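Encoded as structure tokens, the structure appears first; notes follow it.
Chain identifiers are assigned alphabetically (A, B, ...) following the order of the sequence lines, protein sequences preceding nucleic acid strands; residue numbering begins at 1 within each chain. For the numbers below, each heavy atom of this structure counts, side chains included, while hydrogens, waters and symmetry mates do not. Bear in mind the structure is a predicted one, so any value in this text is a computation, not a measurement.
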Amino acid sequence: MEIASKYDPSEVEDKWYQYWLDNKLFHSVPDEREPYTIVIPPPNVTGVLHMGHMLNNTIQDILIRRARMSGKNACWVPGTDHASIATEAKVVAKLASEGIQKKDLTREQFLEHAWEWTHKHGGIILEQLKKLGASCDWDRTCFTMDEKRSESVLKVFVDLYNKGLIYRGVRMVNWDPKAKTALSDEEVNYKEQQGKLYYLKYKISDSEGAFAVIATTRPETILGDTAVCINPNDPKNAHLKGKKVIVPLADREVPIIEDDYVDIEFGTGCLKVTPAHDVNDYMLGEKYNLEILDIFNDDGTLNQYGLQYAGMDRFDVRKQIEKDLEEAGLLEKVEDYTNKVGFSERTDVPIEPKLSMQWFLKMEELAKPALKAVMEDDIMLYPSKFKNTYRHWMENIKDWCISRQLWWGHRIPAYYLPQGGFVVAETGEKALALAREKSGNPDLQISDLRQDEDCLDTWFSSWLWPISVFDGINRPDNPDINYYYPTDDLVTAPEILFFWVARMIIAGYEYRHDRCFKNVYLTGIVRDKLGRKMSKSLGNSPDPLELISKYGADGVRMGMLLTSAAGNDLPFDENLCEQGRNFNNKIWNAFRLVKGWNVDASIQQPESSGVAVKWFDATLAKTIEELNDLFIKYRLSEALMLVYKLFWDEFSSRYLEMIKPGYRLPIDKKTYDATLGFFDSLLKLLHPFMPFITEELWQALEERKPGESIMIGQLPKIMSYDKDLLSKFDTIKEIIGGIRTIRLQKNIPNKEALTLQVIGEYDNAFDPVILKMCNLSSIDKVSEKSPGAASFLAGTTEYAVPLGNNINVEEELEKLDKELVYLQGFLKSVTAKLGNEKFVANAKPEIVENERKKQADAESKIKLVKESIATLKK
RNA sequence: GAGCUGUUAGCUCAGUUGGUUUAGAGCAUUACCUUGACAGGGUAGGGGUCAUCGGUUCGAGUCCGAUACAGCUCACCA
């Protein structure tokens with residue numbers, strides 16, 4: 001049969017993916033088997049696949065495929081997230097490019113545009129995942145804003161409200177003036193900024209010509225000042241006690257208050273207090289009952305309290321006010337200053353601390369079982385270093401601001417009554433009934449009620465994900481949720497440990513009284529060669545689909561996984577995909593070799609092949625055991641490397657070379673059948689990592705029935721194996737290596753047969769293998785080697801290859817001298833250890849025994865080397 | 001600023017309760033090989049005073065302390 005010498009993934013991948021789909025091999029329904037469940041971290045519905053998704057989903061696919069091949073009923077639930085801020089921002093931008101302003105649209109009109117956008121772009125990312133080979137149960141695809149998920153969200157909101165855990169309140173929130181919404185603390189990134197520190201002069205009310213000097217980075221906020229604060233223990237500002245000062249430009253008189261919050265050392269020790277625009281000032285404001293002056297509009301421009309600056313943007317005002325203060329002689333000096341400014345994670349504009357009415361969820365009690373679960377290892381984090389981080393956050397958890405001033409999302413199910421007050425209910429009808437009861441007015445109509453304008457934070461829907469994808473909120477006793485929950489593994493990025501993972505754990509205990517998953521595998525961040533995070537704005541991220549078309553999905557999957565220990569960042573390098581592709585080609589060519597042989601049932605199995613089969617059988621068994629252990633520990637990179645070496649070094653370089661028949665000669669049936677069996681096992685072990693090529697070759701390995709697939713085959717089981725055989729074979733590997741080294745050094749072609757002399761203890765059971773692998777004509781046990789032989793040691797046995805007159809005595813002596821020096825140095829260290837009475841007295845007996853053995857070994861080796869040197873010098 | 005991780009070959013990482021020859025792997029690199037599965041290949045090499053200093057111990061990459069550097073998390077001085 002004719003097989004191309006290079007593997008071409010493009011011909012193979014789509015074909016088998018379609019085959020898997022056609023045969024419904026990804027689909028899972030509850031049955032009597034043990035379930036194994038993963039819910040996908042839902043990507044943004046209008047998002048595009050990036051390298052982080054590639055890594056994340058490759059890992060999930062490996063886990064789910066391996067579980068499926070281990071006899072479990074594996075279910076991987078895919079889906080997308082409505083991503084309220086990100087999606088709304090995209091829709092707003094798209095409308096703006098068409099000359100439409102959001103403010104000119106009604107809520108309904110805007111949502112129509114948003115849904116249109118979602119339908120157009122939504123799901124692209126899921127199609128891209130298919131290219132990667134993701135074996136998701138597509139029949140179960142969910143969306144955080146589809147009907148069932150929306151119903152779940154509202155139901156949970158109402159429930160938490162009725163439990164008294166959701167409340168409404170005026171709080172200082174992080175305001176995003178671009179998205180015009182509040183953000184949770186987790187959505188704010190602090191960045192170092194090069195700014196200025198302005199020293200402003202506040203005139204003291206009753207003392208002519210006297211000033212209090214105040215340092216600030218935000219001079220535009222003086223218009224909202226309602227006090228100046230000093231530390232009561234600050235001698236240099238003691239003269240200000242009880243005085244009043246005039247806010248520059250605003251010409252308002254404000255009191256001087258005293259609080260030890262103020263840092264005496266910073267600036268002048270005088271702090272301007274702007275309760276509406278700074279979290280700490282707000283606390284001071286509450287404490288001293290100060291007036292609150294909000295000077296900003298929602299978009300970051302100044303309002304009427306901004307006086308002459310009303311209507312201007314906050315940053316323009318900063319520049320202008322600097323000039324105006326300068327002119328008024330109220331600016332003492334300006335210094336360069338570096339400080340940290342909070343930026344919106346979504347829109348990347350500086351956030352503005354702002355007072356506003358928001359909805360909050362009380363977290364303290366909810367967090368307790370979630371903290372306990374992780375600390376007591378009911379839920380395992382991989383790597384476990386994140387336990388500390390998790391604990392720190394959970395122990396200091398603050399109430400969660402769950403409202404967002406957006407339209408794209410789940411609208412808060414709170415309804416305001418005409419006469420004030422509100423009711424909370426899943427639907428308008430239920431709200432109306434409650435409202436009639438509350439108001440005592442049976443004639444109240446639904447049109448009299450006004451629903452809250454805000455939406456819920458996106459995470460308020462995704463925190464229910466492991467439950468809601470099985471409809472476990474709406475129907476808490478349905479067969480799916482009972483079977484698939486708790487899920488097994490969650491694979492996600494550490495960046496969203498608090499946003500998402502922690503909150504899912506909380507929701508799991510609140511709504512199922514059980515953990516939502518057993519293990520959390522935290523991937524690293526994919527970085528470029530310079531160590532920068534891959535991002536769209538930097539343009540340093542390769543296009544995953546291009547990579548797939550260049551290296552094949554299997555090649556890219558392997559490239560992603562080769563250097564990604566859990567929790568470690570992944571320094572991505574295309575070379576790794578190349579390595580993956582090369583490995584594909586290696587597998588392909590091994591297959592080509594095996595399938596190219598002619599089988600002759602009449603010939604006997606050569607002795608060397610019999611030995612090889614036994615040896616590889618044991619090697620395979622040992623590797624399966626090790627592999628299992630690595631998977632239990634979630635050491636996937638190492639697991640891949642282990643199978644890689646098994647296939648490349650042990651199977652291709654050793655086993656196949658051992659059993660390979662001579663050119664154009666047939667192979668015996670016994671060996672051939674064993675080899676096909678090995679190939680079958682190897683493909684199965686490789687399948688979770690490289691699904692496509694393994695399916696292609698498995699299908700070609702033997703005649704298959706329609707619908708059969710490697711992906712539902714069972715992995716080879718762990719079996720006992722001959723450890724003694726493997727350790728003996730390690731010596732054989734050494735001998736083969738030694739002879740090859742001699743060939744290389746003496747420049748002896750492989751075609752030229754050699755003989756091998758053995759001096760010392762030796763088991764000849766493997767002679768046929770050595771003879772074949774090294775092209776030897778004989779192996780002879782001798783008591784003294786031939787003069788002019790090159791020799792080496794393996795264990796304490798000496799092996800010599802007679803070379804006639806070919807030997808270079810000088811070179812040989814030099815080599816032996818080097819070895820002698822090493823051995824003597826080694827012996828010295830061992831002897832010193834054994835000469836130490838304390839060591840002999842204190843160390844465990846087996847350790848001392850081992851040292852003695854090392855000593856004896858070294859001594860006999862030294863003796864052999866010395867003899868060789870003496871022989872050469874004759 | 002506080003806390004938590006980490007620092008092992010050019011690169012990415014293993015190294016399990018301290019002892020298994022004087023520390024391993026993959027990639028990269030070097031030399032040689034090339035009609036017969038695979039040059040996207042084969043064979044064999046080279047490459048590390050385990051960040052630094054000190055301590056515990058018969059014995060430290062491994063345990064303890066300090067320092068330096070890096071990363072992460074939290075908090076934040078206007």
Side-chain angles (χ1 to χ4, degrees), chain A residues 3 5-7 185 190 197 214-218 221 229 261-263 265-268 270-274 278-281 337 339-340 383 385-393 396 494-495 497-498 529 531 562-565 567-571 573 575-576 578-579 581-597 633 635 637-638 640-642 644-645 648 652-653 656-657 660 662-664 736-738 740-745 747 749-750 822-823 825-830 833 836-844 846-848 850-851 853-855 857-858 861:
Chain A
I3 314 173
S5 74
K6 282 174 187 173
Y7 171 60
D185 290 343
Y190 286 87
L197 191 58
I214 293 168
T216 179
T217 53
R218 301 201 55 194
T221 62
C229 190
Y261 162 75
V262 176
D263 181 353
E265 301 306 318
F266 187 90
T268 59
C270 276
L271 171 72
K272 65 195 256 335
V273 184
T274 322
D278 183 281
V279 182
N280 296 301
D281 291 12
Y337 187 72
N339 68 340
K340 282 190 181 165
K385 65 177 177 186
F386 287 106
K387 263 172 91 170
N388 277 325
T389 319
Y390 180 86
R391 184 183 61 203
H392 189 258
W393 194 74
N396 296 289
E495 300 161 320
L497 190 58
F498 307 128
K529 280 185 197 165
L562 272 171
T563 60
S564 55
N568 276 17
D569 282 359
L570 189 151
D573 190 332
N575 290 337
L576 294 168
E578 208 175 310
Q579 196 185 341
R581 185 194 59 190
N582 293 353
F583 185 44
N584 276 287
N585 208 47
K586 188 73 188 177
I587 300 169
W588 180 260
N589 275 293
F591 181 82
R592 205 158 71 100
L593 172 69
V594 171
K595 287 305 272 191
W597 286 331
K633 294 172 179 155
R635 303 177 77 146
S637 270
E638 286 172 61
L640 172 59
M641 187 48 71
L642 187 65
Y644 175 82
K645 286 195 279 192
W648 202 305
S652 297
S653 299
L656 289 180
E657 291 300 330
K660 200 176 191 176
Y663 182 51
R664 297 225 164 127
I736 293 169
R740 284 175 173 169
T741 309
I742 291 171
R743 276 191 188 276
L744 206 62
Q745 283 169 349
N747 212 3
N750 287 324
Y822 170 85
L823 285 168
F826 177 70
L827 179 64
K828 203 175 151 192
S829 79
V830 175
K833 208 180 223 182
N836 184 336
E837 279 172 37
K838 286 182 178 170
F839 169 71
V840 180
N842 293 327
K844 281 182 241 154
E846 62 266 31
I847 301 293
V848 177
N850 191 43
E851 289 300 313
K853 187 171 172 295
K854 275 153 69 173
Q855 186 182 36
D857 278 5
K861 281 183 185 178

Whole angstrom is fine here: how far is it from [atom1] in [X] over to [atom2] in [N]?
X	N	atom1	atom2	result
His392(A)	C74(B)	NE2	P	9 Å
Asp857(A)	U21(B)	CG	P	11 Å
Arg664(A)	A37(B)	CZ	P	10 Å
Arg592(A)	C38(B)	CZ	C1'	7 Å
Asn388(A)	A2(B)	CG	C1'	14 Å
Asn589(A)	A37(B)	CG	C1'	5 Å
Phe386(A)	G3(B)	CZ	C1'	15 Å
Lys385(A)	C72(B)	NZ	P	10 Å

Just jot down the ring-ring contact (aromatic ring centres under 6.0 Å, His included) partners of Phe498(A), sequence neighbours excluded, or say none.
Trp393(A)
With Tyr390(A), which residues qualify under ring-ring contact (aromatic ring centres under 6.0 Å, His included), at least two apart?
none
Is RNA chain B part of any stem, that is, at least 3 consecutive Watson-Crick or G-U pairs with both distances under 3.5 Å, and where?
B:1-7 with B:68-74, B:10-13 with B:24-27, B:29-33 with B:41-45, B:51-55 with B:63-67
Once you apply a heavy-atom cut-off of 4.0 Å, does [X] come out as touching a base, just sugar-phosphate, or nothing?
X	value
Asn585(A)	base
Arg635(A)	sugar-phosphate
Gln855(A)	nothing
Lys645(A)	sugar-phosphate
Tyr390(A)	nothing
Tyr7(A)	nothing
Tyr644(A)	sugar-phosphate
Asp281(A)	nothing

Give the minimum heavy-atom separation between [X] and [Y], together with the two atoms involved.
X	Y	answer
Asn396(A)	His392(A)	ND2-O, 2.7 Å
Thr217(A)	Leu197(A)	CG2-CD1, 3.8 Å
Lys272(A)	Ile214(A)	N-CG2, 3.7 Å
Thr268(A)	Ala215(A)	OG1-N, 4.1 Å

Holding to side chain to side chain donor-acceptor pair (under 3.5 Å), I want the full list of residues that pass it with [X], two or more places apart in sequence or in another chain.
X	answer
Lys387(A)	Asp377(A)
Gln745(A)	none
Tyr261(A)	Asn280(A)

Please confirm whether any donor atom in the side chain of Lys861(A) sits under 3.5 Å from an acceptor in the base of U21(B), or the reverse.
yes
Ignoring hydrogens and geometry beyond distance, is the side chain of Gln579(A) in donor-acceptor contact with the base of A28(B) at under 3.5 Å?
no
Expressed as a whole number of Å, how far does the [atom1] atom of [N] sit from that of [M]?
N	M	atom1	result
U17(B)	C11(B)	C1'	32 Å
A60(B)	G54(B)	P	14 Å
G15(B)	G61(B)	C1'	8 Å
A28(B)	G41(B)	P	8 Å
C50(B)	A9(B)	C1'	10 Å
C53(B)	U7(B)	C1'	15 Å
C58(B)	A66(B)	C1'	26 Å
C32(B)	G46(B)	C1'	14 Å

Using a cut-off of under 3.5 Å, enumerate the N/O to N/O pairs linking the protein to nucleotides 42-46 of chain B.
{"unit_1": "G42(B)", "atom_1": "OP1", "unit_2": "Lys586(A)", "atom_2": "NZ", "d": "3.3"}
{"unit_1": "G42(B)", "atom_1": "OP1", "unit_2": "Trp648(A)", "atom_2": "NE1", "d": "2.6"}
{"unit_1": "A44(B)", "atom_1": "O3'", "unit_2": "Thr741(A)", "atom_2": "OG1", "d": "3.1"}

Who passes side chain to side chain contact (heavy atoms under 4.5 Å, CB included) against [X], sequence neighbours left out?
X	value
Asn836(A)	Lys838(A), Phe839(A)
Lys6(A)	Asn585(A)
Asn388(A)	Arg391(A)
Asn850(A)	Lys854(A)

Report yes if at least one side-chain N or O of Tyr663(A) is closer than 4.0 Å to OP1 or OP2 of U35(B); otherwise report no.
no
Residue whose closest nucleotide on RNA chain B lies nearer the 5' end, Ala215(A) versus Lys660(A)
Lys660(A)
Using the closest heavy atom to pick a nucleotide of RNA chain B for each, name whichever of Val830(A) or Leu570(A) lands nearer the 5' end.
Leu570(A)
What nucleotide among [options] has an atom nearest to a side-chain atom of [X]?
X	options	value
Phe498(A)	C38(B), U73(B), C58(B)	U73(B)
Glu638(A)	C58(B), A14(B), U5(B)	A14(B)
Met641(A)	A78(B), A25(B), G40(B)	A25(B)
Thr563(A)	C38(B), U12(B), G40(B)	U12(B)

Quick one about Asn584(A) and Arg581(A) (side-chain donor to acceptor, distance below 3.5 Å, no hydrogens or angles considered), yes or no?
no
Each nucleotide N or O in nucleotides 17-20 of chain B that has a protein N or O under 3.5 Å away: list the pair and distance.
{"unit_1": "U20(B)", "atom_1": "O4'", "unit_2": "Asn850(A)", "atom_2": "ND2", "d": "3.3"}

Within a reach of under 6.0 Å around CD of Glu846(A), are more than 12 heavy atoms found that belong to other residues, nucleotides or ligands?
yes
